[in-house]
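Values in this document were obtained by computation on a predicted structure and should not be read as measured data.
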Amino acid sequence: YADGMIFVGLANGCIQAFNADTLKPLWIYHDELGGQPNCPITYKDGYIYAGFWNSETKDANFVCISVTDEDPSKTTEEKVASWTYKRAGGFYWAGSYASSDYLIFGSDDGSSEGTDTNSAILYSVNTHTGLLMDKMTSHGDIRSTIVYNNGYVYFTTKGGYLYRVQMNADGTFGTACSYNLGGMVTASPVVYKGRIYV
């Protein structure tokens with residue numbers, strides 16, 4: 001929910017916006033690659049961000065969509081993404097963190113060869129343009145929401161790791177450290193008063 005609208009992920013790569021008071025449809029987005037809408041939808045400054053998933057190895061998009069209702073007279077207005085990010089393996093339960101300057105989100109690893117490959121990617125992109133600012137690999141699919149706290153982002157992986165990555169002011173990654181939790185993790189961490197809960 002944001003700006004008086006409710007945003008709903010739908011099958012086959014769709015996101016639809018509804019008026020929160022009347023539930024009247026406002027617009028709909030159809031992604032060209034389709035996919036399951038399994039990622040949480042993140043809102044920031046008039047835009048939403050979400051990813052789709054087609055399979056362990058097929059391409060899927062992570063997208064940025066303006067929430068502005070350009071034609072209030074139409075209930076089936078077709079939206080076009082402001083930018084998209086294509087990745088083999090796509091994005092599954094991969095919630096993003098958005099600041100005014102950068103967006104952080106994680107991907108699957110693009111492989112069906114187990115849970116502990118070293119090819120899933122944590123991305124940092126310009127919030128408005130999608131321009132890549134930095135990236136790093138992780139052990140296993142990133143299937144958690146990226147959590148920000150006090151200059152760091154935190155996430156977990158299917159490879160069983162909890163990560164903490166320092167964020168530089170320009171949106172690039174600083175020092176990263178990880179902790180092996182000993183089993184597959186798809187839960188998002190909670191950071192509170194100097195402790196991490198997962």
Side-chain angles (χ1 to χ4, degrees), residues 1-100 102-108 110 120-130 141-148 153-158 185-190 198:
Y1 168 86
D3 289 358
M5 289 174 270
I6 296 171
F7 308 104
V8 181
L10 303 171
N12 301 317
C14 295
I15 296 176
Q16 190 164 19
F18 298 86
N19 181 295
D21 294 323
T22 66
L23 297 185
K24 175 184 173 182
L26 300 174
W27 53 256
I28 191 166
Y29 169 77
H30 292 91
D31 189 78
E32 64 181 358
L33 297 179
Q36 297 177 18
N38 300 324
C39 294
I41 297 170
T42 300
Y43 171 89
K44 181 69 175 179
D45 297 337
Y47 292 85
I48 57 172
Y49 306 89
F52 301 100
W53 186 87
N54 280 307
S55 79
E56 295 283 352
T57 57
K58 290 182 180 177
D59 288 345
N61 279 329
F62 198 94
V63 301
C64 166
I65 305 166
S66 167
V67 303
T68 302
D69 185 10
E70 286 92 356
D71 189 349
S73 67
K74 289 186 179 178
T75 60
T76 57
E77 175 187 339
E78 287 282 342
K79 294 292 281 189
V80 176
S82 299
W83 54 260
T84 63
Y85 229 86
K86 182 170 66 174
R87 166 76 178 161
F91 309 91
Y92 198 107
W93 295 335
S96 59
Y97 166 74
S99 77
S100 297
Y102 56 83
L103 181 82
I104 311 296
F105 58 97
S107 76
D108 267 21
I121 297 177
L122 181 70
Y123 293 96
S124 176
V125 302
N126 182 285
T127 308
H128 309 289
T129 66
D141 299 335
I142 301 172
R143 290 195 172 180
S144 79
T145 294
I146 306 302
V147 175
Y148 177 89
V153 291
Y154 300 81
F155 63 95
T156 61
T157 73
K158 279 180 67 179
V185 187
T186 57
S188 300
V190 173
V198 64

Leu26 CG to Lys74 NZ distance, which is reported to the nearest 0.5 Å: 14.0 Å
Distance in Å, Thr42 OG1 paired with Phe7 CZ, rounded so as to fall on 0.5 Å steps: 11.5 Å
Ring centers of Phe91, Phe105 separated by less than 6.0 Å: yes
Check: Asn54 side chain, Leu33 main-chain N or O, donor-acceptor pair, under 3.5 Å: yes
Shortest non-hydrogen contact from Gly106 toward Ala94: O-CB, 3.2 Å
Verdict with supporting geometry, Gln16 and Phe18, side-chain contact (heavy atoms from CB on, under 4.5 Å): CA-CA 7 Å; Gln16 190 164 19; Phe18 298 86; 3.4 Å; yes
Aromatic ring pairing Tyr85/Trp83, orientation class (parallel under 30°, perpendicular over 60°, tilted between): perpendicular
Criterion side-chain contact (heavy atoms from CB on, under 4.5 Å) on Val63 and Phe52, from CA distance to verdict: CA-CA 9 Å; Val63 301; Phe52 301 100; 4.0 Å; yes
Which atom of Glu70 lies closest to which atom of Ser66, heavy atoms considered: OE2-OG, 4.4 Å
Asp71 side, atom CG; Glu78 side, atom CD - distance, nearest 0.5 Å: 12.5 Å
Val185 vs Ser144, side-chain contact (heavy atoms from CB on, under 4.5 Å): CA-CA, chis, key distance, verdict: CA-CA 8 Å; Val185 187; Ser144 79; over 6 Å; no
Plane angle bin for Tyr92 and Trp53 - parallel if under 30°, tilted between 30 and 60°, otherwise perpendicular: perpendicular
Candidate list Asp108, Thr186, Thr156, test side chain to side chain donor-acceptor pair (under 3.5 Å), partner Arg143, passing option: Asp108
Trace of the side-chain contact (heavy atoms from CB on, under 4.5 Å) decision for Leu103 with Phe62: CA-CA 11 Å; Leu103 181 82; Phe62 198 94; 3.8 Å; yes
Any donor-acceptor N or O pair under 3.5 Å, side chains Tyr29, Asp31: yes
CG/Asp3: more than 12 non-hydrogen atoms of other groups inside 6.0 Å: yes
Side-chain touch Asn19/Met5, heavy atoms, less than 4.5 angstrom: no
4.5 Å side-chain heavy-atom contact, Ser100 and Asp45: yes
Partners meeting side-chain hydrogen bond (donor to acceptor under 3.5 Å, both in side chains) with Lys44 (sequence neighbours left out): none
Residues that Trp27 engages under ring pair (Phe, Tyr, Trp, His ring centres under 6.0 Å), provided they are two or more places apart: none
Nearest atoms (heavy-atom pairs only) where Cys14 meets His30: SG-CD2, 3.0 Å
Closest heavy-atom pair and its distance - Ala50, Ile41: CB-CG1, 4.0 Å
Non-hydrogen side-chain atoms of Tyr49 and Thr127 separated by less than 4.5 Å: yes
Test item: Ile146 and Leu122 side chains (from C-beta on) under 4.5 Å apart, heavy atoms: yes
Under 3.5 Å donor-acceptor, Lys79 side chain and Val67 backbone: no
Residues in ring pair (Phe, Tyr, Trp, His ring centres under 6.0 Å) contact with Phe155, at least two apart in sequence or another chain: Tyr163
Whether Thr84 side chain and Asn61 backbone form a donor-acceptor pair below 3.5 Å: no
For Ala120 against Ser107, the heavy-atom pair lying closest together: CB-O, 3.4 Å
